[in-house]
Amino acid sequence: MTGAEPKVTVDLARALGLTGEEYDRIVKRLGREPSYTELGLFSALWSEHCAYKHSRVFLRRLPQTGPRVLQGPGENAGAVDIGDGWAVVFKIESHNHPSFIEPFQGAATGVGGILRDIFTMGARPIAILDSLRFGDPDDPKTRKLIEGVVSGISWYGNCFGCPTVGGEMAFAPEYAGNPLVNVLCVGLVRADEIFRARAAGVGNPVFYVGNKTGRDGIHGATMASATFDEHAEERRPTVQVGDPFTEKLLLEACLEAMRTGAIVGIQDMGAAGLACCTSEMPARSGTGMEVEISRVPQREWGMTPYEILLSESQERMLLVAARGREEEIRRVFAKWELDAVQIGQVTEADELVVRERDEVVARVPVAALADGPRYEKPTTEPADLAGLRAFDPLSLAEPRDLGATLATLLGAPTIASKEWTFRQYDQQVGINTLVLPGSDAAVLRVKGTRRALAVKTDGNGRQVFLDPRRGAAMAVCEAARNVSCAGGRPIGVTDCLNFGSPERPEILWQFAEAIDGIAEACRHLDLPVVGGNVSFYNETSGQAVLPTPVIGVVGLLEDAARHSTQGFKAAGHRVALLGGEAVSLGGSEYLWTLHRRLAGALAPLDLELERRVQAAVQNAVEAGLVASAHDCAEGGIAVALAECCVTGRQRVGAQIALPGGIRGDLALFGEGPSRIVVSVEPARVRAFEALMAESAIPWRWIGATGGERLRMAVGEADAIDAPLERLESAWRSGFERHMA
C-alpha cells in the first residue's frame, strides 16, 4: 500500500457506495481493516449492479428450468436447445446510466458488452435488438439523447458486423432525466460446445486477453448503483470508451481459441472489470486465484492496482487455460494482433490474492466478494395508486371525429414508424435476416437447417405503473404474442428490469409485484427465464422512471419458409379477430395522447386464453393458412388495422365491422391482451375455420381487405372512413418530424 492511497475509513466506504453496516461486515469477514485496494474490490462487487442485493430474494420466484434449457441464470448468458445439435444463446442488458451521461459511448459500449456476453459462451452473435425509452421528443435535450444513443448503437453494431434487426422505442415524461437503453443479443452455438465462466483446475494459468486497460469506466458499476442529481454529467469519466473493430478481432480470436480445446473457462470483463472476473470465476468453481497486477497490459502510465482492478475498459476477457497449452493461446491471439498475457493461476485456497511486483496488495476470500449482502426490505403499495385505478376514462367526452383521432394516434411518437432509427442500422449483415424491423418480430434463419428464430422485446411502463403484477404479465404475453404472430413457438425469456431506487418501499413493491406477474405468465406459457438484468436506481432528483420490465422472447420456427408478417398482402382477403373482447382505455396510448392522463384500470388478463390464442395463430402460420398476422397492442384494434394497411409492400385498405354495444373510442382504441388480427386468402377460409374450431378460442370474421381507405363501423354506426394516404403520412412522419 503506497503512501498516496487514501486512509480507509467508514466515511471513505460510504463515498464508494457502501453503507456503514456493510463496512462493518467487511471488517468482520476479513478480521481486520481492509486496504484501500480491498475496499475498492468490495465497493464494486457489493454494488447493486453486481451483487443484486435488493433483487435476489425476488428473482428466485421466476421459473428457470425446462426441457430445452442448457444454461439458466448465473452465467454470461442463457442457452436453449433448438434441435439439430444447435443452441440459441441470448441475453438482455441495460446501459441506462452511462447513456444519460454520455449517450454515444454509453449506448455503444452497451452493445459491446452484450455482444461479449454472447460470444464468451462460445456462440457467434447473429442479431441485436434495442429497447429504448426517452422523455418528450419535443424537448431538445431528449432529441440530443436520442441522436447520441441511436448513433452509438448503430456505430458499434455496424462496425462489429452484427445486424440490429428490431426493438422498440417509447416516450414518457418520467424518462426525461433517466433514459432506458436496453440491448438484447442472440447468438448460435453447437449445443455441446458451450463455454462457461469457471476457474477450474488448480495450477491452470489465467490469461488476460484483448484490449489494454485504461482509466475509463472506473467505478462504472458503482455509478450504475446510484441515483442521479443535477451533477450527473460530472460522472462522465465513469463511462467506458468502445472500439468495435477490436471487439471483432476479439470475437474471432476467442472462437478460434475455443476450438483448440485449450480454454477451460472464460468471462467478459464487464461491470467491475478485472475485479469481477478474478472473484466470480473461482467462486463458481470452489477455487482461488493469484494475480500479478503489473503484468496487465496498460495504455496509461502510473496506474495503481486499485485502478487496474476496477477499470471497465472495453473489449477484454479473462480466461483460464489448460496447463501446458499456454503457447496455443498466445499463438491464436497473436494472429489476431491482440494481447494474451498470463497474469496468474488458479489456486487451491478459496481466496483472491493480488500482487504488485510480488507485494500483496489485496487478499480476500472470493466467496466474500462474489456472495455479497442480501436484503429483504419492506414494500408498500403507493398511496395514490388506488385512486388512479378508480378513474373511469369513459367519464371523458368521446371525440367527435374518430378518424382524426386515429391519425393522431398513428402520429404519436410511441406508435409512429421508427424508420428514422432502423435505417441507421445494418439489418442484413450475415444474411440471416428474413423479416426486417417494423413487423411484430424479427425472424432469423438458422443456417444449415430448415429452422428459424423469431425474436421480440416488449414492455409497457404505463401499464406496469398502474398495475405492476398484471402489467408485467401482459408484457410477457405481448412479447410472446408477437413471436407467435411471426410463426414462432416461444421457447425462452430474458428480462431487463428497470426500476427506481429499491430503498424506497413503493419502488420495491412495484418490483416484487412485477416479478410475480412475470413468473405467473411464464409458467402459464411454459417459458423459462434463462437470464437477464436488474437495473435499479433509475431516477434523477427524486423522479423515478416508470417501472419498466422489458421482456425479450425467443421463439423457434421449424420451417423458416413458414413465417408471417403484419402487412396485408392483397385485396379480397378475409380479416378475422382472434381472442377476447375485453378492452380498456385505462393506461392506454389513447388516454395519454389525447388527455395526458395516466390512470384507469387495465383490461383483464386470462392467461389460459392467452396460451390458446397464441397456439392458434402459431398453428395457422405453420399450416400456411394466414397471409398476415398482427398483435393488437398500443392504440387498440384501429391502430393495428391501420398498420396492417400501410406496412406491407403495398398499401391495402380494408372494410371492418366491429360489434356494437360500447362506445366508439373504447371499441376502436381500447387496449387488451390476447387479440390478434389475421388475414386469410379466400381459398384457405374453410381450412382456417376448421382450425379455429379445433383451437377452442373466441374469434370472428370482421371484414375484408381492398381499396384505398380504412373503413370501420362499430355496431350500426360508421366510425372511421379515412384514406390510407392520410393514415400512412401520419404514421411515417409522427416520430421523424421530431428528429428532422
Side-chain angles (χ1 to χ4, degrees), residues 66 68-70 77-92 118 123-129 161-167 184-191 422 425-458 479-494 525-528 530 551-567 569 614-631 647-649 676 678:
R68 290 183 179 270
V69 176
L70 300 175
V80 177
D81 194 318
I82 60 171
D84 287 337
W86 286 99
V88 57
V89 175
F90 58 102
K91 189 181 182 183
I92 190 169
I118 300 306
R124 181 174 291 275
I126 62 168
I128 296 165
L129 291 86
C162 187
T164 302
V165 298
L184 183 150
C185 188
V186 178
L188 291 171
V189 65
R190 298 299 297 179
F422 294 145
Y425 302 149
D426 189 330
Q427 306 155 15
Q428 297 274 26
V429 61
I431 60 172
N432 293 308
T433 312
L434 298 175
V435 175
L436 298 174
S439 194
D440 283 81
V443 179
L444 304 149
R445 67 166 54 87
V446 179
K447 289 176 182 171
T449 77
R450 297 177 62 238
R451 294 181 170 88
L453 300 172
V455 192
K456 185 65 167 79
T457 63
D458 256 309
R481 199 182 315 125
N482 278 289
V483 164
S484 297
C485 286
R489 296 186 180 273
I491 57 174
V493 165
T494 180
L525 300 178
D526 294 325
L527 282 173
V530 298
I551 307 298
V553 171
V554 174
L556 180 64
L557 291 79
E558 291 296 334
D559 185 351
R562 289 288 175 90
H563 64 266
S564 180
T565 54
Q566 69 186 33
K569 303 303 185 291
Q614 291 194 31
V617 78
Q618 291 160 13
N619 292 335
V621 175
E622 206 169 68
L625 298 180
V626 297
S628 68
H630 187 26
D631 168 42
T647 59
R649 293 185 177 179
I676 297 171
V678 300

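In what follows, residues are counted from 1 in the order of the sequence shown.
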Exercise: identify the closest heavy-atom pair between T433 and Q427: OG1-O, 2.6 Å
Exercise: identify the closest heavy-atom pair between A629 and I676: CB-CG2, 4.5 Å
Nearest atoms (heavy-atom pairs only) where S484 meets Q614: OG-OE1, 3.0 Å
Pair R489 + E558, salt bridge at N-O below 4.0 Å: no
Close side-chain approach of V553 to K456, heavy-atom, < 4.5 Å: no
Spatial distance of atom CD1 (I551) from atom CG (D458) [nearest 0.5 Å]: 9.0 Å
CD1 on I491 to CG on L527, rounded to 0.5 Å: 9.5 Å
Short side-chain to backbone donor-acceptor contact, D440 and D631, under 3.5 Å: yes
Sole residue of L557, V165, V443 in side-chain contact (heavy atoms from CB on, under 4.5 Å) with L434: V443
Exam field: side chain R68 to backbone G83, donor-acceptor pair closer than 3.5 Å: no
Close side-chain approach of L556 to V88, heavy-atom, < 4.5 Å: no
Flag, side chain of S439 to backbone of Q566, donor-acceptor distance under 3.5 Å: yes
R190 atom CZ, over 12 foreign heavy atoms within 6.0 Å: yes
Student check: side-chain heavy atoms of V617 and R481 closer than 4.5 Å: no
Whether E622 side chain and D559 backbone form a donor-acceptor pair below 3.5 Å: no
Heavy-atom closest pair, residues L129 and G167: CD2-N, 4.0 Å
Shortest non-hydrogen contact between C185 and P125, atoms and distance: SG-CB, 3.8 Å
Residue pair L188 / R124, side-chain heavy-atom distance below 4.5 Å: no
Derivation and outcome, side-chain contact (heavy atoms from CB on, under 4.5 Å), residues V80 and V530: CA-CA 8 Å; V80 177; V530 298; 4.0 Å; yes
Spacing of NE2 belonging to H563 relative to CG belonging to L444, to within rounding of 0.5 Å: 10.5 Å
Pairwise side-chain contact, V186 with L453, heavy-atom cut-off 4.5 Å (strictly under): yes
Check: A627 main-chain N/O paired with K569 side-chain donor or acceptor under 3.5 Å: yes
For the student: nearest non-hydrogen atoms of I118 and G187, plus distance: CG2-CA, 3.7 Å
Separation of C162 SG from N432 CG (nearest 0.5 Å): 9.5 Å
Check: L436 and F422 side chains under 4.5 Å, non-hydrogen atoms: no
